[in-house]
Amino acid sequence: MADAFHYPPELLELLVEAIPRLSRAKKGVVLFLRGAGVADEDLSEVERTLATNPNLINKFEIVRKVLTKVNVRGDSGLRPRREIIKRVVEFENFETCWPEDQLKAKGLVASVREAVNAKDSFTRMKQERDAEREATMSRQRADQTAAAEKRVKIERVDMRLSALFGMDDRPQERGKLLEGVLNDLFRAYGILVREDFRRRDPDTSVVLEQIDGVIEIDGSVHLVEMKWLNAPVGTGEFFPHLGRLFLRANAQGIFISSAGFTEPVVKECAAALTQKTMVLCSLQEIVMLLQRRDDLLSFLKKKSQAAIVDKNPYLQILA
């Protein structure tokens, strides 16, 4: 028995019936108990009786008196309680018993083993339940911590994005900062990010193309372009990004603009959907999403579904 418990009544009665039959003499019963580590103070009463008037007490009374004292002890009685059980369940030499007690002793020892095994089984099941409950609570705590950290990251991104609207006098700096803010937004939502990707000529190290961000959604690679302009994105800004998609098999595209898109861009993007999936997204949609604390991944999937199924690359989600 692995845990610190006191003998339940049914087990105590089995021990009171079994232990006296494992030894022929009263002193043998006392030695059995002493050998199991029972304290002197728990044996002193029966030993005095045996020394002065042994006929006043029998083996069963000896065991009951001693086990009762051991059983009411706290941690100090744990070791002898365990050892008594161990010695009973491991008892095999029934030839030391009186002949008329041998079969009875075997049956009682077997009953103690069954009781102990049942207790051990319940103990293991309880330990497993406790472990499972602790694992569940640990996962919940981890999820709560992760959710809190995610909220903090999103709030910081929201503050940084809001600050960009006050940088009208520094448009180039603002455009560069926008890339970092939106890439951090992807990262806060658990979307894999590779930001500010540059492809260079292997011989000259000249930058052949630059991509604001590369993200992965459900195993699909998306090239992300981000523009903060005073006017809607026109074909001049749009076609280079579309060309990057056609240079890469299975790549999809996302274009985020602070001022929306011209009608020709929306038409060209819709026409390209037969070969490449490209979604157009306004910065206003991102701002509204952050205000609502909606899920960015679901937002992007909804826009992608509209592009693929409805041939609508510019589904605007503002509420």
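Just so you know, these numbers use all the heavy atoms, side chains as well, and skip hydrogens, waters and symmetry mates.
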### Task
Sequence neighbours left out, what pairs pass ring pair (Phe, Tyr, Trp, His ring centres under 6.0 Å) with at least one residue falling in residues 262-289?
none

#### Entry: Contacts of Asp294 that satisfy salt bridge (charged side-chain N to carboxylate O under 4.0 Å, His left out) - sequence neighbours left out
Arg292

### Message
Suppose we screen for side chain to side chain contact (heavy atoms under 4.5 Å, CB included). Which residues come up paired with Ser111, at least two apart in sequence or across chains?
### Response
Leu14

### Query
Below 4.5 Å, heavy atoms only, C-beta onward: do Leu182 and Leu185 meet side chain to side chain?
yes

#### Entry: Main-chain N/O of Glu17 paired with Lys104 side-chain donor or acceptor, under 3.5 Å
no

### Summary
In short, Asn250 meets Lys276 closest at the heavy-atom pair N-NZ, 3.5 Å

### Task
Verify the cluster assignment for Leu300 and Leu273: are they in a single hydrophobic cluster under the rule of side-chain heavy atoms below 4.5 Å apart?
no

### Task
Identify, with sequence neighbours excluded, every residue that meets side chain to side chain donor-acceptor pair (under 3.5 Å) alongside Asp40.
Arg34

### Task
Please go through Met288's hydrophobic cluster and name the other residues, only I, L, V, M, F, W, Y counting, with side-chain heavy atoms under 4.5 Å joining them.
Leu318

### Summary
Those residues at least two apart in sequence (or on a different chain) that pass salt bridge (charged side-chain N to carboxylate O under 4.0 Å, His left out) with Glu155 are none

### Message
Are Val181 and Leu297 linked, directly or through intermediate hydrophobic residues, by side-chain heavy-atom contacts shorter than 4.5 Å (ILVMFWY only)?
### Response
yes

#### Entry: Spacing of NZ belonging to Lys59 relative to NZ belonging to Lys26, to within rounding of 0.5 Å
9.5 Å

#### Entry: ring pair (Phe, Tyr, Trp, His ring centres under 6.0 Å) partners of residues 266-319, not counting sequence neighbours, each pair once
Phe261-Tyr314

### Task
Please name the pair of heavy atoms, one in Arg248 and one in Leu223, separated by the smallest distance, quoted to 0.1 Å.
CD-CD1, 3.8 Å

### Query
Hey, any chance Phe239 and Met278 share a hydrophobic cluster, counting ILVMFWY side chains that come within less than 4.5 Å of each other, even indirectly?
yes

### Query
Can a salt bridge be assigned to the pair Glu45 and Arg48 using a cut-off of 4.0 Å between side-chain N and carboxylate O?
no

Please tabulate, for side-chain N and O atoms in residues 157-168, each donor-acceptor pair with protein atoms closer than 3.5 Å (sequence neighbours left out).
{"residue": "Asp158", "atom": "OD2", "partner": "Arg293", "partner atom": "NH1", "Å": "3.4"}
{"residue": "Arg160", "atom": "NH1", "partner": "Asp184", "partner atom": "OD2", "Å": "2.7"}
{"residue": "Arg160", "atom": "NH2", "partner": "Asp184", "partner atom": "OD2", "Å": "3.1"}
{"residue": "Ser162", "atom": "OG", "partner": "Asp158", "partner atom": "O", "Å": "2.9"}
{"residue": "Asp168", "atom": "OD1", "partner": "Arg174", "partner atom": "NH1", "Å": "2.7"}

### Non-neighbouring partners of Lys86 that pass salt bridge (charged side-chain N to carboxylate O under 4.0 Å, His left out), sequence neighbours left out
Glu90

### Task
Calculate, to the nearest 0.5 Å, the distance between atoms CZ and OG1 belonging to Phe32 and Thr96 respectively.
10.0 Å

### Over all atoms of both residues, closest heavy-atom pair of Ile19 and Leu33
CD1-CD2, 4.5 Å

### By side chain to side chain donor-acceptor pair (under 3.5 Å) - contacts of Ser138 (at least two apart)
none

### Message
Distance check, rounded to the nearest 0.5 Å: Gln102 atom CD versus Arg21 atom CZ?
### Response
12.5 Å

### Summary
Which of Arg81, Arg87, Arg79 passes side chain to side chain donor-acceptor pair (under 3.5 Å) with Glu83? It is Arg87

### Task
Apply side-chain contact (heavy atoms from CB on, under 4.5 Å) to the pair Leu56 and Glu61, showing each step before the final yes or no.
CA-CA 10 Å; Leu56 291 180; Glu61 291 170 331; over 6 Å; no

### Message
So, taking the atom named CG in Leu15 and the one named CG in Leu22, what distance separates them when rounded to the nearest 0.5 Å?
### Response
10.0 Å

### Task
Check whether any side-chain heavy atom of Val233 lies under 4.5 Å from a side-chain heavy atom of Glu225, and answer yes or no.
no

### Message
Checking Thr136 against Arg133: is there a side-chain donor and acceptor pair closer than 3.5 Å?
### Response
no

### Task
Check the pair Val38 / Ile84 against side-chain contact (heavy atoms from CB on, under 4.5 Å), numbers first and verdict last.
CA-CA 9 Å; Val38 175; Ile84 289 168; 4.0 Å; yes

### Task
Not counting sequence neighbours, which residues clear ring-ring contact (aromatic ring centres under 6.0 Å, His included) with His241? List them please.
Phe255

### Query
Can you tell me how far the SG atom of Cys269 sits from the NZ atom of Lys311, to the nearest 0.5 Å?
11.0 Å

### Query
Can you tell me how far CG of Asn71 sits from CG of Asp42, rounded to the nearest 0.5 angstrom?
11.0 Å

### For Leu315 against Ala306, the heavy-atom pair lying closest together
CD2-CB, 3.6 Å

### Message
Within the 4.5 Å heavy-atom criterion, are Ile62 and Pro20 side-chain neighbours or not?
### Response
no

### Task
Would you list the pairs meeting ring pair (Phe, Tyr, Trp, His ring centres under 6.0 Å) in which at least one residue belongs to residues 47-80, sequence neighbours left out?
none

